[in-house]
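Written out below as structure tokens is the structure these notes cover.
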Amino acid sequence: MARQDERPWPIPPRRQRRRLAPGPSTGAPGEETDTDVGVAGRLRLVRPQGRLAFATLDDPSGQVQLFARDGVTADFEQFGKLAIGDWVGARGRVVKTRRGELSVLVERWELLALARRGFGDKWRGVSDTETLLRHRELDLWVGDRTREVLVLRSQVLAALRRALWDRGFLEVETPVLHPIPGGATARPFVTHHRALDLDLYLRIAPELYLKRLVVGGLERVFELGRVFRNEGISPRHNPEFTMLELYLAYADYQDLLGLTEQLVAEVTRAVLGRTTLEVHGRTLDLAPPWRRATMAELVSEALGRPLDVHSPRPVLEEAARGLGLVPEPSWGPGKLLLELYEKAVEPTIVGPLAVLDHPVEVSPLARRHREDPELTERFEVVVAGRELANGFSELTDPEDQRARFEAQARAREAGDEEAMVVDEDYLWALELGLPPTAGLGLGVDRFVMLLADASHIREVIAFPTLRPEAPGA
RNA sequence: GCGCCUCUAGCUCAACGGCAGAGCAACGGACUCUUAAUCCGCAGGUUGGGGGUUCGAAUCCCCCGAGGCGCACCA
């Protein structure tokens, strides 16, 4: 077996690449240096020309030209047969061509991997969206944007973890397979455990398990993980997506909103170096403090008359119809107010804006507001018309929680497939005592979309869910 | 889920009721400073799948499949 330093390409490749970089402005065209370097990467272009050959070697850190010459380059004949997409390792001296291009005059080289499949049109590449989505490895190499966004995503994840570790949060992992789907209102995926002969659900949220950890005495926890919702696919929805949830004992929603502001601004600054964003040509600033307004205030402002959860039902219904909504009999005042907000207010928000005090009817896991039992101590952070995060003072009273679950269960009976189910294990845990706690959920994919100014969620997911290709297609 | 649009060579696209074509890639050849190298040659297809109308269908109609856009649902 060859010793490492006898291989034609550098180990690791990246270190030697940097040694090549300093020269480009200093050397004169035609100059040959004594600097010996090794490079490795994938060929983007090959230009054989008789007893010379040029190839553009590409890797994430840049591009370098390989310059092969008959009599200098080993196996010159074979070098000219290299093709776009082949992986090549090469070693030689740094030179400048007569045209002034910094190059490696190849002495030894090796084919590291053969591209048996074409990489599309030399100039235009592959632009068929379907092919690119189904073969993201091709997309990654052909399109810079794809790679940049995935790098950004990784930086966001790292910055989130760092920010939370710095604040004493413990990262935990809770089950993905749930006997009862809970923690959110959404339709779940169902699967089956053979040995237990038991239906299990892919989690729609880690919330209930995380709060059970707080009951157990872990006062600051977070989980950064995949959740699954059996709903439609759209530019903003993938069936599996990444959510950050964190729980902070001895805190209420106001404290948590402050933390959320810090966290979002800190991560944005870590990744982009600034807190301002361009979204659809508009500039907004994620630096705290964010504007705060209650849902009732926002709805009243938008509709030009005072409305809240205590408004007479017919008044709310009429307002809903006025916006083209079709109120269902099962909707209470809280649901009506939420619908008004989502229709008339949310899409118009540039933000960042913290929407406060959601109706208790639509917040089955949030603590009742200290000033109005029909509301909860809850906030949603909205940026560019989309919800980025959702936080609230947690409901810690097991009696109230049982009543909320039962209300949800009734809605489920009435046909609402997204409504929750009574979770006895969770109630059992609450009966042990959950200290005052505030909890936050943040859609990581949405956050990355915002920072990358991406209009489709699939841009920020390496392998978005697609229907399998039809056999005949 | 619903509506509209798209699907032709490996890739990017023409042909729009009358012999399926081009550029790039591939393959063979020429070329010692190229930058989407250039030049010569050669090959490449159940026109997404199935059915129908027609003397004749890539083209018109129907069904199916996948994708895109919009709406709905949400994070």
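All values below come from the heavy atoms of this structure, side chains included, with hydrogens, waters and symmetry mates left out. In what follows, chains carry the letters A, B, and so on, assigned in the order in which the sequence lines appear, proteins first and then strands, with residues in each chain numbered from 1.
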Yes or no on side chain to side chain donor-acceptor pair (under 3.5 Å) for A:Asn390 and A:Arg378, after CA distance, side-chain angles and deciding distance?
-> CA-CA 8 Å; A:Asn390 178 24; A:Arg378 179 176 172 189; 3.0 Å; yes
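- Residue A:Arg47 places at least one side-chain N or O under 4.0 Å from the OP1 or OP2 atom of B:A37.
- Residue A:Phe119 is out of contact with every strand shown, counting any heavy-atom pair closer than 4.0 Å.
- With the nearest nucleotide of RNA chain B identified for both A:Pro48 and A:Phe54, A:Phe54 has the one nearer the 5' end.
- Of the C1' atoms belonging to B:U47 and B:G21, the separation is 12 Å, rounded to the nearest Å.
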Step by step, would you call A:Glu394 with A:Val214 a side-chain contact (heavy atoms from CB on, under 4.5 Å)?
-> CA-CA 11 Å; A:Glu394 298 296 336; A:Val214 180; over 6 Å; no
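- Comparing B:A37, B:U32, B:G23 by their closest approach to the side chain of A:Asp121 singles out B:G23.
- Counting heavy atoms from C-beta on, the side chains of A:Asn230 and A:Pro188 never come closer than 4.5 Å.
- Rounded to whole Å, the C1' atom of B:C19 lies 30 Å from the corresponding atom of B:C63.
- B:G29 atom P lies 16 Å from atom CZ of A:Arg51, rounded to whole Å.
- Rounded to a whole Å, the CG atom of A:Leu45 is 11 Å from the P atom of B:U35.
- Residue A:Leu82 contributes atom CG, which lies 15 Å from atom C1' of B:A26 at whole-angstrom precision.
- Screening A:Arg108, A:Arg91, A:Arg93 against A:Asp36 for a salt bridge (Lys or Arg N to Asp or Glu O under 4.0 Å) leaves a single residue, A:Arg91.
- The separation of B:U6 from B:C13, taken at their C1' atoms, amounts to 14 Å, rounded to a whole angstrom.
- B:U34 atom P lies 10 Å from atom CD of A:Gln65, rounded to whole Å.
- One can place CD of A:Gln63 at 11 Å from P of B:A36, the figure rounded to the nearest angstrom.
- Contact check for A:Glu342 versus A:Leu338: side-chain heavy atoms found under the 4.5 Å cut-off.
- Residues A:Thr376 and A:Leu395 fail the side-chain proximity criterion, which asks for heavy atoms closer than 4.5 Å.
- Counting only N and O atoms by type, the side chains of A:Thr56 and A:Arg47 include a donor and acceptor under 3.5 Å apart.
- Look at the P atom in both B:A22 and B:C42: the space between them is 12 Å, to the nearest Å.
- One interatomic measurement links the two molecules: CG of A:Leu105 to C1' of B:C33, which rounds to 11 Å at whole-angstrom precision.
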Derivation of the side-chain contact (heavy atoms from CB on, under 4.5 Å) call for A:Tyr209 and A:His178 = CA-CA 10 Å; A:Tyr209 283 99; A:His178 288 189; 3.4 Å; yes
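- By the 4.5 Å heavy-atom criterion applied to side chains, A:Asp139 and A:Leu133 are not counted as neighbours.
- Using P as the reference atom, B:A72 and B:G48 are 33 Å apart when rounded to the nearest Å.
- A distance of about 33 Å separates the C1' atoms of B:A9 and B:G3, rounded to the whole Å.
- With hydrogens and angles left out, the side-chain atoms of A:Thr174 and A:Arg212 include no donor and acceptor closer than 3.5 Å.
- Ion pairing between a basic and an acidic side chain is recognised when a charged N comes within 4.0 Å of a carboxylate O; A:Glu266 and A:Arg162 show no such pairing.
- With hydrogens and angles left out, the side chain of A:Thr56 and the base of B:U35 share no donor-acceptor pair within 3.5 Å.
- Distance noted for atom P between B:G50 and B:G65: 15 Å (whole Å).
- Inter-residue side-chain proximity for A:Arg229 and A:His237 is flagged as unmet; no heavy-atom pair is nearer than 4.5 Å.
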Dot-bracket for RNA chain B: what is it, with Watson-Crick or G-U pairs under 3.5 Å, [ ] where a pair crosses earlier ones, and | for a pair to another strand?
-> (((((((..((((....[..))))..((((.......))))......(((((..]....))))))))))))....
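- In this structure, A:His135 atom NE2 and B:G10 atom P are separated by 14 Å, rounded to whole Å.
- Note on A:Lys122: every side-chain N or O is 4.0 Å or more away from OP1 and OP2 of B:G23.
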Letter by letter from the 5' end, nucleotides 67-75 of chain B scores (B base, S sugar-phosphate only, - none; protein heavy atoms under 4.0 Å) SSSS-BBBB
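- Protein atom CZ of A:Arg99 is 10 Å distant from nucleotide atom P of B:C33, rounded to whole Å.
- Not a single donor-acceptor pair, N or O on each side, falls under 3.5 Å between the base of B:U32 and the side chain of A:Gln49.
- Near-neighbour residues of RNA chain B inside residues 71-80 of chain A, defined by a heavy atom below 4.0 Å, are absent.
- Between A:Ser127 and B:U12 there is a side-chain N or O to OP1 or OP2 distance below 4.0 Å.
- Between A:Val88 and A:Leu112, the closest side-chain pair of non-hydrogen atoms is not below 4.5 Å.
- Taking atom P in both B:A37 and B:A57, the straight-line distance is 42 Å, to the nearest Å.
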